[in-house]
Structure formats: C-alpha cells, structure tokens
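The figures that follow rest on heavy atoms only: side chains count, while hydrogens, waters and symmetry mates do not. Residue numbering restarts at 1 for every chain, and letters A, B, ... go by the order of the sequence lines.
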Amino acid sequence: KAGVTQTPRYLIKTRGQQVTLSCSPISGHRSVSWYQQTPGQGLQFLFEYFSETQRNKGNFPGRFSGRQFSNSRSEMNVSTLELGDSALYLCASSSGHTDTQYFGPGTRLTVL
Amino acid sequence: KQEVTQIPAALSVPEGENLVLNCSFTDSAIYNLQWFRQDPGKGLTSLLLIQSSQREQTSGRLNASLDKSSGRSTLYIAASQPGDSATYLCAVGKNTGNQFYFGTGTSLTVIP
C-alpha cells in the first residue's frame with residue numbers, strides 16, 4: 001500500500017506570492033490533517049479535512065486555507081507569503097475518527 | 001489550550017542501555033496520545049497509539065504508558081540501538097477529530 005505523498009518536496013517563493021501544496025493520503029483514508037513545523041514553534045496544527053469538510057482548524061491566519069477533493073486528496077494554499085511562513089509542511093492521513101496518523105515526507109517551503 | 005512538554009530535550013546513551021522519554025500535558029481531557037519518531041529531513045513515523053482508556057501499549061522493544069490524571073506519558077526503549085537515534089515526539093489528541101498537540105521532542109543519540 002502506497003504511503004502518504006506530498007508534492008512538491010521543495011519550494012522557493014518570494015514574499016507576497018502565493019503557494020499551493022498537495023497531499024495524497026493512503027488509499028481508503030478519509031481524514032487529512034496539515035501541520036507546520038518550524039525550529040522555533042515545533043509542530044503546529046493547521047487544519048483537518050474529513051470527507052471534503054473542514055473538521056478542525058488551528059490558530060493560523062486566514063492566509064492559510066485548504067480543501068479536500070472527493071478522492072480525499074487535499075491541497076493547502078498560503079496567500080501573501082511572509083518570511084515567517086518558511087517551514088516544513090507536513091500532511092497526515094488516517095482512516096477515520098482519531099486514529100493512527102500516517103505522515104508524508106513534507107514540503108519544505110522557503111520564502112525569500 | 002493544551003500544552004505538551006517533553007523532557008529531556010536531548011539525550012545521549014551508549015548502545016544497549018534502557019531509557020525513558022517523558023511527556024507531560026496540561027489538560028487531562030485527552031482522547032488519545034501518540035508517540036512518533038522523526039529522522040532528519042523526513043516525516044514522522046507513528047510508533048505507538050494509546051487510547052485514553054488504556055494504560056499502556058507495547059510494540060517490540062517499545063513500551064508507552066499513559067497516566068491521564070497526572071498528565072504524563074512515558075516511552076520506554078529497551079536495549080537501545082544506534083538505529084534508534086532520532087527525534088521522538090509525543091502528540092496529544094483532542095476529544096474530537098484528528099487535531100493533535102505536539103510536544104517539543106527529545107533528540108536521542110545512541111552511541112555504538
């Protein structure tokens with residue numbers, strides 16, 4: 001069974017631009033969560049989607065948004081990028097309600 | 001807001017030693033707790049998941065315990081090996097959905 005995949009793996013953007021990250025969960029998994037990991041703040045929860053609906057949301061500004069498609073693939077969008085958005089963005093999938101989380105390798109975003 | 005703390009931040013042990021990693025959380029109303037390992041530049045790998053009604057879980061050389069009333073969990077690693085070198089993270093699950101609060105991690109180095 002294929003694991004969680006994230007594309008792209010690396011991304012370099014400049015301030016003010018926007019970016020879209022993609023996450024494909026394990027086949028059959030309906031829940032996709034997104035996290036931001038930085039050296040200073042550690043891992044912070046962004047949001048979770050379950051069956052195309054946002055089920056939970058962390059404390060991030062509205063510049064961070066996401067969506068989930070009918071095939072459970074999810075995208076995360078960050079608009080008007082700031083230097084502080086430089087981070088490793090991880091997505092995780094699980095089969096249902098609060099289950100074992102399977103993480104992807106992450107997308108390393110650098111904002112210049 | 002749930003605060004999760006891990007002590008120590010870093011640990012270096014000789015191969016073969018048994019060791020304990022600690023995790024504490026401020027709100028005992030948790031749904032579950034997971035232990036992960038993260039290798040440099042990679043995503044997270046789930047090690048053990050403990051439901052709030054359970055006291056411990058075991059997998060191979062790993063044993064995780066949970067004491068909700070005191071807000072603590074420990075990860076015991078028996079007969080450590082160099083391949084165990086990684087950062088270990090504990091994550092506390094909220095009552096609903098797959099929103100997890102992560103600790104700051106313990107960086108483990110096992111010396112051959």
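Counting heavy-atom neighbours within 6.0 Å of A:F47 CZ, excluding the residue itself, gives a total above 12. For A:R9, the CZ atom is densely surrounded, since the number of other residues' heavy atoms within 6.0 Å is greater than 12. Under a cut-off of 6.0 angstrom, the local environment of NZ in B:K42 is sparse, with at most 12 non-hydrogen atoms contributed by other residues, nucleotides or ligands. Counted within 6.0 Å of CG on A:N59, heavy atoms from surrounding residues, nucleotides or ligands total 12 or fewer; the atom is thus considered open.
No continuous path of ILVMFWY side-chain contacts below 4.5 Å connects A:V4 to A:L109, so the two sit in separate hydrophobic clusters. When the side chains of ILVMFWY residues are joined at heavy-atom separations under 4.5 Å, either directly or via intervening members, B:Y88 and B:Y101 end up in a single hydrophobic cluster. Linking Ile, Leu, Val, Met, Phe, Trp and Tyr residues whenever their side-chain heavy atoms come within less than 4.5 Å places B:L75 and B:I50 in a single cluster. Cluster annotation: B:Y76 is not connected to B:L11 through the hydrophobic network of ILVMFWY side chains, with a link wherever side-chain heavy atoms come within less than 4.5 Å. Note on B:L21: it clusters hydrophobically with B:I30, by side-chain heavy-atom contacts below 4.5 Å among ILVMFWY residues.
Chain B is approached within less than 4.5 Å, heavy atom to heavy atom, by A:S31, A:S33, A:Y35, A:Q37, A:L43 from residues 30-44 of chain A, ordered by number. Contacts with chain B (heavy atom to heavy atom, under 4.5 Å) involve these residues of residues 73-92 of chain A, listed by number: A:L88, A:L90.
The aromatic ring centroids of B:F36 and A:F103 lie less than 6.0 Å from each other.
The shortest distance between side-chain heavy atoms of B:L44 and A:Q101 does not fall below 4.5 Å.
Separating the CZ atom in A:F45 from the NZ atom in B:K94 is a distance of 8.0 Å, to the nearest 0.5 Å.
There is no contact between B:L48 and chain A, counting heavy-atom distances below 4.5 Å.
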